[in-house]
Amino acid sequence: MNVLVILIPVSLILGGAGLAAFIWTLRSDQYDDDQGNAARILLDDPRD
Amino acid sequence: MTTACPACVAMPMAQEVAAGPALQFSLPGVHCAACIGKIERGLESLRGVTSVRVNLSLKRVSIAGPVDADRALAALEGLGFEAYPLDLAALASAQDTTGRALLIRLAVAGFAMMNVMLLSVAVWSGAQDATRDLFHLISAMIALPTVGYAGQPFFLNALSALKVGRLNMDVPISLAIILAAGMSLFETLNGGQHAYFDAALSLTFFLLIGRYLDHQTRSAARSAAKELTALEVHTAQVLIDGQSRKMPVQEITAGDLILVPTGARIPVDGTLTSASALLDRSLVTGESRAAKLAEGANVQAGEVNLAAPVTLRAAVNGSDTSLRRMAAMVELAENGRNRYTGLADRAAQIYAPAVHLLAFAAFVAWFFATGDTRHALNIAIAVLIITCPCALGLAVPAVSTAAISKLYSNGFLVKHATALERLAEVDHIVLDKTGTLTLPAGVDVSRLSAEEKSIAAALAQGSAHVWSQALLAALEGVKPADLTVLKEQAGNGIEALWQSQLVALGRGAWLGDDAVDLGLKIGDAPATVLQKHENLRPGIAEALEAIGLPCEMLTGDDTSPARAIAARLDLPMTANARPEEKLTRLEMLKDQGHRVLMIGDGLNDTAALATAHASIAPSTALDAARNAADVVVLRTSFADLPLVLRVARFTRALSQQNFAIAAAYNFIAVPVALAGFATPLAAALAMSISSITVLANAQRMRFVK
């Protein structure tokens, strides 16, 4: 059972990292134009 | 840039605007990746542009940098896209902070729910003693801050309801969340067997989904309505010392001299200072015939100048005209709407007291039966959690989100939360004529011969009058005839010589025929009528037939044009109805027990739109009418109108089904909880399954045809 001492914090940290990443994407306006982002991947554009 | 625009020297405003942070244009035609690339590359080469970004979801483009709006517009049109400038002030902030905050709460609740659920699985599969207590303790450390943060929307709502002495859905929700978390903490600290942390969190999570869906539909409708407002440019040309200056309508003061160009709307109420004017008053009064006015006549905001540019002296401040009217109308509408209690609220009114009584009864009964306060309290909380309206909180938002997005993709903007429920109850329809059943007068060239067409085109080319421009648009592609001695008679028409015959295009009276408004005369033959008074809106006849409800026409227009349209649609009609008479008629129908749907667009319909049980306006309606309406039709055709009623009725049916599903779950789960057999596992199962069933049922909205 001692393994729990490592496993539980690890699972919480990994989940927390996912949550932090989601909040970052939300804060940086990445959901403002979902259709546009889906279409942009098809753009053959050397600019960026 | 600075020297390229000499007018900028006289108008410091213009430069300021040009150098502004961003321009936005609405691009209804943009639909694919190729369009994005074309527009962004095309505009980047424009001088002054620092960045271009197309938003495909909103169908907008933002342009940053010191660039002139007109040049950007011309460039967009040159690329082959319809573009309309958006008024940034009317759009306000594009940021949806409430939605974003809800989404963050939802993410936090989801994260915590998953982790606690995993820990709970260990407890459910038989973890004992110290291990179980440790898991409960870790769960508590995750759950308590999460509940405190993510549950705030419910707590605040419940608090504000309790403050005014009312119960809403959020009261039992908050109570269940707080009691579940509090009791579980107590049990954890005392080494108890059951903890409901996962229940408290999944309750918060599922209900936040419902809350987010609800918010999403409302804000989508609101931002689209904002865009409609932003499309109208709220500026006026004010004459100062003989110089025309563009300024926002709000800044006009009484006594200002205002120039209204051909085809523009009159920005404020005032008196005419030009010798004469021809105005289209259909949006204000419903009259389809243009009104001829002389100097000194009163004109109202919202009328459209059909003829040569006119000047008028403002009688009121610009902020008064539109804002005061709008405020009064919207207030009226809100009052009427707020008296209507939505399905969800009616369910909550029955549900909330019932749940509290049931939980309390369970506590009392178990306390007297066993004398064990802790056990009795545990059972009471289990009852609260199991009956808790996860499914109930999702039942209506999930369905109306699906319904509103379905209608939006078909060109209907649902502006009010209970609009669909009210639309489902409608049993009588009242329609306005001008601008609703009909579209504004146009030019009809179908009866002209090829020769007449080429003469008409040649004559129309010689004049800048609106009717000439409309005629030219209708005659696109026709090769103009060779004319000589072209001469314009101001206010009457234009004449010329064609193969040594006199040909003329102009007002009927001037051509010697009183019956025609706009005619074409060749030689001595009688004039041919070109102006078609009104066109029936496309799709309206089929739509009214498909709806199959009793309809009637109520118009401010004269009897004869009204009768003509009524006969074509086979409707009973009332003509010459003033706004108050429209209201009286609606109240009369209401007293007879009818639930009336009002469809109208003018200022004269606004009060009626606000009073009716439900209301629909076309997107060409005045701001005030659009604000008062529940649904705005974005397309010109009304052919899909029956879809609105079908979706509304299906929304009601699905919401009721969802309530029935939720009730059925409670019917099974509540006796189990009352009997004291409800474990946290049973609570988690009941909650998830009922929520998912309800969400899945709502998706059936996609299949409505």
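Side chains are part of it too, since the values below use all heavy atoms of this structure and drop only hydrogens, waters and symmetry mates. The shown structure was predicted, so the numbers you read here are calculated from the model rather than taken from an experiment.
- Heavy atoms of A:I8 lying under 4.5 Å from chain B belong exclusively to its side chain.
- Within a 6.0 Å radius of CG in A:L14, more than 12 heavy atoms belonging to other residues, nucleotides or ligands are found.
- When every heavy atom of B:V54 is checked against every heavy atom of A:R40, the shortest pair comes out as O-NH2, 2.8 Å.
- Both the backbone and the side chain of A:L26 come within contact range of chain B, each with at least one heavy atom under 4.5 Å from a heavy atom of that chain.
- Using a 4.5 Å cut-off between heavy atoms, B:L134 does not touch chain A at all.
- Near-neighbour residues of residues 110-117 of chain B relative to chain A, defined by a heavy atom under 4.5 Å from a heavy atom of that chain, comprise B:F111, B:N115.
- Counting only heavy atoms from C-beta outward, the side chains of A:F22 and B:L103 approach each other to under 4.5 Å.
- Using a 4.0 Å cut-off between a side-chain N of Lys or Arg and a carboxylate O of Asp or Glu, A:D29 and B:R100 qualify as a salt bridge.
- What you find for A:Q35 and B:L56 is that their closest heavy atoms are O-CD2, 3.6 Å.
- Looking at B:L118, neither its backbone nor its side chain comes within 4.5 Å of chain A, counting heavy atoms on both sides.
- Across every non-hydrogen atom of A:A39 and B:A33, the tightest pair is O-CB, 3.2 Å.
- Counting heavy atoms of neighbouring residues, nucleotides and ligands inside a 6.0 Å radius, atom CD of B:Q193 does not exceed 12 of them.
- The shortest heavy-atom contact between B:I36 and A:G36 is CD1-O, 4.1 Å.
- To the nearest 0.5 Å, atom OG of residue A:S11 and atom CG of residue B:L119 are 7.0 Å apart.
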